[in-house]
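Values in this document were obtained by computation on a predicted structure and should not be read as measured data.
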Amino acid sequence: MSKQEDAPDGVPNSASAKPPPKPEPPKLDPVYYTWSSTFSILMGRYVTGNRDVPLERNYFEEMDAIKAESYCKRCETNRDYLLQYSPIVKFLKDEVGKLGGDLNGKNIHCRMCTAEQSGGFHVDHGIMLCANKFRNRGHQEDTMAHEMVHAWDHLKYKVEDNNLRHQACLEIRASTLSGECRFAREFFTKNQWRITEQLQNCVRRRATLSMLARPGIKDDVHATKVVNEVWDSCFHDTRPFDEIYR
């Protein structure tokens, strides 16, 4: 990766990271958001195995619309708490500041998302947090750390938006350093039970999935190839940390 001085989720999720304006509250007809729908979804997912995908999609879209205000408020409360008390978020905020950047409540936006993502970063608009995608504050902390690593990289390096190797390197570093691939999270939330090289496998998986969403990537084979091309240098580059934090 070319650095400003000689040298890794591009503009990570640049198109989707631009925070949209808060929409007007929709007029709802909660036909899907019912106990019977909840029961049917749970049965299909965990008992019968016969999932009703349209029902699930409509149910969660309806639930997001009904709870949008409370989701965003919770996200903003957790954002402010993490900026003040989370060790990894505070550290990354300080490191971004040393490079001339400033991440704060005004450019870390909580928004409702329809895509399957928990956040995004845009060099002009800051960080977007998907308020309706977080399981808990710990999940939001991992997402904030991931996007803050992207922000640090964009300030530190000359990142080329259309350079797939640059984009892959950014995703490898963010997944490695944010803590989202630590053993406990993979074990308890992703059912990934590998003991050996668990971190490496998680980072490869997440970086490859992120690359699949980028223009210029043909398929999963192409995404894997690009990730592998930059793996050694990017996985072992732990800056601004001295080592992998968690």
Side-chain angles (χ1 to χ4, degrees), residues 1 3 7-17 79 82 86-96 99 101 103 107-108 113 115-123 125-130 133-134 138-161 163-183 185-186 189-190 192 198-214 217 223-224 226-246:
M1 160 134 229
K3 296 190 293 188
D9 216 288
V11 180
N13 297 321
S14 58
S16 58
R79 174 200 64 196
L82 292 167
S86 165
I88 189 171
V89 169
K90 288 176 62 180
F91 173 79
L92 286 167
K93 184 180 187 301
D94 290 344
E95 292 300 311
V96 166
L99 297 178
L103 291 174
N107 55 22
I108 301 177
C113 298
E116 288 304 314
Q117 64 183 95
S118 56
F121 170 76
H122 191 287
V123 291
H125 302 282
I127 290 171
M128 182 181 71
L129 302 175
C130 293
K133 301 297 183 179
F134 296 127
H139 185 197
Q140 183 169 332
E141 180 182 37
D142 291 345
T143 300
M144 286 178 64
H146 181 110
E147 304 305 338
M148 292 170 90
V149 172
H150 283 325
W152 189 89
D153 282 353
H154 276 273
L155 289 168
K156 182 70 174 178
Y157 306 114
K158 288 182 178 178
V159 177
E160 299 173 8
D161 294 351
N163 188 316
L164 295 177
R165 290 166 62 92
H166 287 199
Q167 311 312 313
C169 199
L170 294 178
E171 294 300 340
I172 290 168
R173 280 177 40 77
S175 289
T176 301
L177 300 174
S178 64
E180 63 192 4
C181 276
R182 61 188 178 278
F183 180 81
R185 178 174 176 184
E186 282 288 280
T189 67
K190 298 294 184 181
Q192 299 292 326
Q198 175 273 332
L199 173 63
Q200 292 90 328
N201 281 280
C202 172
V203 173
R204 284 183 187 275
R205 184 184 76 248
R206 295 181 69 92
T208 301
L209 287 172
S210 294
M211 292 303 294
L212 278 171
R214 297 183 181 278
I217 292 293
T224 300
V226 176
V227 169
N228 287 338
E229 286 174 352
V230 297
W231 175 262
D232 287 338
S233 60
C234 300
F235 178 75
H236 294 100
D237 181 2
T238 63
R239 292 173 289 179
F241 298 92
D242 293 330
E243 57 185 4
I244 296 175
Y245 177 67
R246 58 180 182 174

Problem set entry | S178 backbone acceptor or donor facing E141 side chain under 3.5 Å | no

For this session: Side-chain contact test, heavy atoms from C-beta onward, threshold under 4.5 Å: evaluate it for F241 versus T176 and give yes or no.
Result: no

Exercise. Should E229 and R165 count as side-chain neighbours, where that means a heavy-atom distance under 4.5 Å?
Worked result: yes

Exercise. Does the side chain of Q117 come within less than 4.5 Å of M128's, by heavy atoms?
Worked result: yes

Exercise. Between atom CZ of R79 and atom OG of S86, what is the distance when rounded to the nearest 0.5 Å?
Worked result: 14.5 Å

Problem set entry | Between CD1 on residue I217 and OG1 on residue T208, distance to nearest 0.5 Å | 9.0 Å

Problem set entry | For the student: nearest non-hydrogen atoms of L164 and V226, plus distance | O-CG1, 3.5 Å

Seminar exercise, completed: Heavy-atom nearest pair, C130 first then G119, reads SG-N, 3.9 Å

Exercise. Do H146 and H150 meet the criterion of a side-chain donor-acceptor pair at a distance under 3.5 Å?
Worked result: yes

Exercise. Hey, does the side chain of N228 reach the backbone of T224 with a donor-acceptor pair shorter than 3.5 angstrom?
Worked result: yes

For this session: Measure across F91 and P240 and return the closest heavy-atom pair with its distance rounded to 0.1 Å.
Result: CZ-O, 3.5 Å

Exercise. Looking at side-chain heavy atoms only, is the closest gap between V159 and V123 below 4.5 Å?
Worked result: no

For this session: Apply the test side-chain contact (heavy atoms from CB on, under 4.5 Å) to residues I88 and L92: give CA-CA distance (whole Å), side-chain angles for both, the deciding distance (0.1 Å), then the verdict.
Result: CA-CA 6 Å; I88 189 171; L92 286 167; 4.1 Å; yes

Exercise. Which heavy atom of A174 sits nearest a heavy atom of V149, and at what distance?
Worked result: CA-CG1, 3.8 Å

Exercise. Quick check, are the ring centers of Y157 and H166 under 6.0 angstrom apart?
Worked result: no

Problem set entry | From M144 atom CE to I108 atom CD1, the distance as rounded to the nearest 0.5 Å | 4.5 Å

Problem set entry | CG-NE2 distance between N107 and H122, expressed to the nearest 0.5 angstrom | 13.0 Å

For this session: For residues D237 and R173, report the shortest heavy-atom separation together with the two atoms involved.
Result: O-NH1, 2.7 Å

For this session: State the CZ-CD1 distance between F235 and I244, to the nearest 0.5 angstrom.
Result: 4.5 Å

Problem set entry | Spatial distance of atom CG (L103) from atom CZ (F121) [nearest 0.5 Å] | 7.5 Å

Exercise. Is R204 reaching over with its side chain to a backbone N or O of V227, donor-acceptor style, under 3.5 angstrom?
Worked result: no

Exercise. Just wondering, do C181 and N201 contact through their side chains at under 4.5 Å, heavy atoms?
Worked result: no

Exercise. Cut-off 3.5 Å, side chains only: do E180 and S175 have a donor facing an acceptor?
Worked result: yes

